[in-house]
Student: 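Below are the structure tokens for one structure; questions will follow.
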Amino acid sequence: MLAAVYHGPNDLRLEERPIPAISPDDVLLKVTSAGICGTDLRILHGGHRKYPAGTVRVPGHEVVGVIAEVGKNVSGVHAGERYIIAPNWGCGHCRQCVSGHNNRCADYSAIGITVDGAFAEYLRLPGASIAQGNLIPLGKDTDPAVATLVEPFACVVRGQEALGGVRPEDVVLVMGAGPIGIMHIMLARLQGARRVIVSEMLPARLSSALAAGADRAVNPQEDDLAAVIAEESDGQGADVIIVAAPAHAAQEQAIALAAIGGRINFFGGLPKDRPIIQADANAIHYKELRVTGTTACSTSDCWKSAAIVKSGRLDFTPVVSRRFPLTQTQAAFAAAEDRSSLKIVIEP
Ligand SMILES: [Zn+2]
Ligand SMILES: [Zn+2]
């Protein structure tokens, strides 16, 4: 089979490899669609802690596929069925795993992160992940390329749940309008937010944000974001702020822009060698802010996300900017690198 294999920083090679052999507990998936994530770009650039020097591995964790072969110990799964894959699984027995947060497990594993992933024609799904419910039925009605967004959207669902959800009275500010920011806008809208404001520096992404349902899209280099928030919130500030941009200034500004009682989620990580921000602790204290962070998603989040995606209540079609065959993986990564597009999907 053809696979895109990471051999080191900026060294991704298209190679012929044997189709993975499965054990009696595993299934073999024929990959239909695989999304390229910011995490994949970090992996490619050698910046992912689960890809230390010397790692040779197939990345890709936003996966939809068809069952090609079923191990003899696996029940309820049949060849030919379509599934979305929840990529993360934990040890299954620690405190985080048993409380449903297998993404927090110290001993977590993940497709495309700790084992070979989806930028290949076939993928072995280990029995341990199947046992944790990581095979989510897709059905026939959803475009598989759109269904690859179930994993990133699960992270979005998790991010907003950490804020206690978005409520109809909330003025919401989303900082950053990449694929994640766009999905935050759509979920906030679905939950009935009073106003959704977006700050983003790239013009193409500002228009995507408006198309996704934002009431107002602001380029903070051209407009005074604080003045816009004041105007849109009767001078109260934003009730919910989601920082979906890896920027110190955005995280610091979020604390200033929040309303009294506001809720903030630091959704995006900062560069690992520069994680310190200057936060106004008195603003957090006197405004009684709730500042939260979320990372990745649990299997449970993926099931919630899949239910929303499959319902058709949100149309993620415009989030998929371009599709590439596996043979054009290099071009696909270049397109993902070019931040004017949203989600890039590889269709082996
Ligand atoms: Zn991802
Ligand atoms: Zn665990």
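Atoms within each ligand, like the ligands themselves, are counted from 1 in listed order.
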Student: Less than 4.0 Å between a side-chain N and a carboxylate O, is that true for Arg82 and Asp141?
Tutor: no
Student: Rounded to the nearest 10 degrees, what's the angle SG of Cys91 makes with SG of Cys105 at the Zn ion (ligand 2)? Could you check?
Tutor: 110°
Student: Counting backbone and side-chain atoms alike, does Glu62 have an N/O/S atom under 2.8 Å from the Zn ion (ligand 1)?
Tutor: yes
Student: Can you tell me if an N/O/S atom from Cys37 lies under 2.8 Å from the Zn ion (ligand 1)?
Tutor: yes
Student: Without hydrogens or angle criteria, can the side chains of Thr292 and Asn265 be said to hold a donor-acceptor pair below 3.5 Å?
Tutor: yes
Student: One thing to verify: whether Arg322 and Asp338 come together as a salt bridge, which I'm taking to mean a side-chain N less than 4.0 angstrom from a carboxylate O.
Tutor: no
Student: What N/O/S atom of Glu151 is the closest to the Zn ion (ligand 1)?
Tutor: OE1
Student: Can Arg17 and Asp116 be counted as an ion pair, charged N to O under 4.0 angstrom?
Tutor: yes
